[in-house]
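For reference, the structure discussed in these notes is given below.
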Protein chains: 2
Amino acid sequence: MTTVKRRPKSKHALAGEIAEAIKLGQFRSGEWLRQIDIEQKFAATRFDVRTALDELVVRKAIEHVPNRGYRVAEIDRETLRHIRSVRIVIETSTADAIVSRMTPATLATLRGLAEEFGVAVREGTRADQSRVNAEFHEAMYHLSGNPVLEELIWNLRDRGRGSNVTVWTSHESLLRSDRDHHAMLEAIEKRDVARLSELIAAHILKDAPESELRDR
Amino acid sequence: MTTVKRRPKSKHALAGEIAEAIKLGQFRSGEWLRQIDIEQKFAATRFDVRTALDELVVRKAIEHVPNRGYRVAEIDRETLRHIRSVRIVIETSTADAIVSRMTPATLATLRGLAEEFGVAVREGTRADQSRVNAEFHEAMYHLSGNPVLEELIWNLRDRGRGSNVTVWTSHESLLRSDRDHHAMLEAIEKRDVARLSELIAAHILKDAPESELRDR
DNA sequence: TGCAACATAATTGGCGCCAATTTAATAGCC
DNA sequence: GGCTATTAAATTGGCGCCAATTATGTTGCA
């Protein structure tokens with residue numbers, strides 16, 4: 001996965017790095033991204049920085065104000081709710097494909113990643129947790145066999161992360177994620193599509209501030 | 001709709017214009033978009049053209065080959081099928097929100113647009129048909145009350161149009177679209193969510209080359 | 001002391017030049 | 001005559017300069 005990929009040396013890669021940094025909370029919501037800072041922090045040229053930032057604007061990770069610069073998008077609760085709503089529709093729609101395409105091998109992979117996440121929760125860094133969590137869900141959604149769907153899921157996830165105030169703020173929520181993962185595994189193993197759907201929806205809803213008990 | 005919007009003079013607007021041109025089939029699939037041609041055709045500077053093309057790459061409307069340039073993306077049948085599959089999931093998910101948020105006023109608007117499409121089919125140009133069709137679906141999906149969802153729908157639609165060989169190739173398919181629109185209206189009026197879902201799915205599937213009777 | 005006008009510093013962003021690469025055209029060779 | 005090597009034309013794309021704009025700091029005045 002993290003193999004050779006130095007073809008598009010900088011440019012697109014830089015956009016990914018900046019997006020990653022935002023996801024990891026290295027830039028706060030609403031914070032201005034000064035081009036000089038970025039080009040130093042990532043050792044890139046001014047031009048590459050600008051290109052990368054433009055790409056992130058298109059990807060809705062940041063926003064652009066003419067003659068003021070780029071800043072991390074502040075997403076209001078309303079929009080966040082809409083994003084979660086769409087995520088539930090899309091991600092739960094993968095449930096039966098996942099169950100029907102499941103093989104012992106992929107199940108083993110998922111189990112390994114679920115365990116790894118548990119370890120990361122206990123003794124890993126924030127970045128580790130984020131990475132392993134992503135790997136788990138990536139492996140799971142990869143089973144859907146629909147690359148377009150997969151990509152969409154990641155776009156929406158990234159967009160929500162941007163200014164999500166509560167990204168695993170408490171250790172509690174991390175433990176809950178861990179439990180969710182194992183529960184999902186169980187549902188997949190038992191080929192229980194409905195249960196898996198429920199779990200996925202609940203997993204998404206856990207990010208909601210209050211209990212926004214809104215079915216759609 | 002086509003009102004004043006000269007604030008971001010060129011740049012983002014240009015990307016939209018080029019995307020529109022691609023949608024209208026002014027560039028064939030796989031055709032190279034030479035920067036010189038574009039800057040003449042749209043009366044823009046070289047730099048703006050490049051920026052716009054970069055944006056379209058991020059939006060997956062075109063693809064970029066280093067040192068070769070930009071070309072209209074050729075989407076294989078497999079990917080097209082995946083796009084349709086996702087579209088069905090997303091667009092049908094709007095059905096009950098549409099029905100529950102429907103008001104007499106919006107219904108009247110939709111009816112008007114459905115009529116207008118019928119007229120465009122009979123005596124309008126290709127561009128007219130495309131525009132009115134877009135307006136009808138826009139008005140309908142706007143009822144979902146979820147801007148994120150709306151945007152997603154348009155992104156996926158645009159992506160499919162790019163190299164769709166059969167974009168209303170026959171007059172027959174246009175007539176079918178017209179009938180579909182009126183049927184949808186009827187379902188909305190009768191608050192028949194299931195029926196509306198079916199119609200939306202069928203409307204998307206109509207673009208399929210053969211009858212790819214694949215439920216998921 | 002508070003406020004407004006001005007000057008100065010910092011930052012963004014439009015644009016064009018030219019080197020690197022690819023494509024075509026031409027010539028040379030078997 | 002067909003094929004390959006060389007040269008020329010066309011196209012892409014990296015990069016930096018500097019004007020326009022905004023933010024900051026300072027001075028003068030009531």
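Just so it is clear: chains get the letters A, B, ... in the order the sequence lines come, proteins before strands, and each one is counted from 1. Values below: every heavy atom of this structure, side chains too, minus hydrogens, waters and symmetry copies.
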Handout entry: Within-4.5 Å side-chain heavy-atom neighbours: A:Ile62 and A:Ile18
Key = no
Handout entry: Note, B:Leu156 side chain near A:Val148 side chain (heavy atom, < 4.5 Å)
Key = yes
Handout entry: Value in whole Å for how far the C1' atom of D:dT11 lies from CG of B:Leu33
Key = 14 Å
Fill in the blank from the handout: B:Gln35 CD to D:dT11 P, in whole Å, measures 10 Å
Practice task
Please tell me if the side chains of B:Leu152 and B:Tyr141 come closer than 4.5 Å, counting only heavy atoms from C-beta onward.
Solution key: no
Completion exercise
Side-chain atoms of A:Arg68 come closest, of C:dT23, D:dA23, C:dC15, to D:dA23
Problem - 5'-most by nearest nucleotide on DNA chain C - A:Gly69 or A:Phe47 - result: A:Gly69
Exercise for the section: Look at A:Glu135 together with A:Arg131 and state whether they make a salt bridge at an N to O cut-off of under 4.0 Å. Expected result: yes
Exercise for the section: Find the distance B:Arg71:CZ to C:dT23:P and express it as a whole number of Å. Expected result: 11 Å
Exercise for the section: Please report, rounded to the nearest Å, how far the C1' atom of C:dT12 is from the NE2 atom of A:His64. Expected result: 8 Å
Practice task
Rounded to the nearest angstrom, tell me the gap between atom CZ in A:Arg46 and atom C1' in D:dG13.
Solution key: 19 Å
Exercise for the section: Take atom CZ of A:Arg34 and atom P of D:dA23, then tell me their distance rounded to the nearest Å. Expected result: 13 Å
Exercise for the section: Test for a donor-acceptor pair under 3.5 Å between the base of D:dG14 and the side chain of B:Arg50, counting only N and O atoms. Expected result: yes
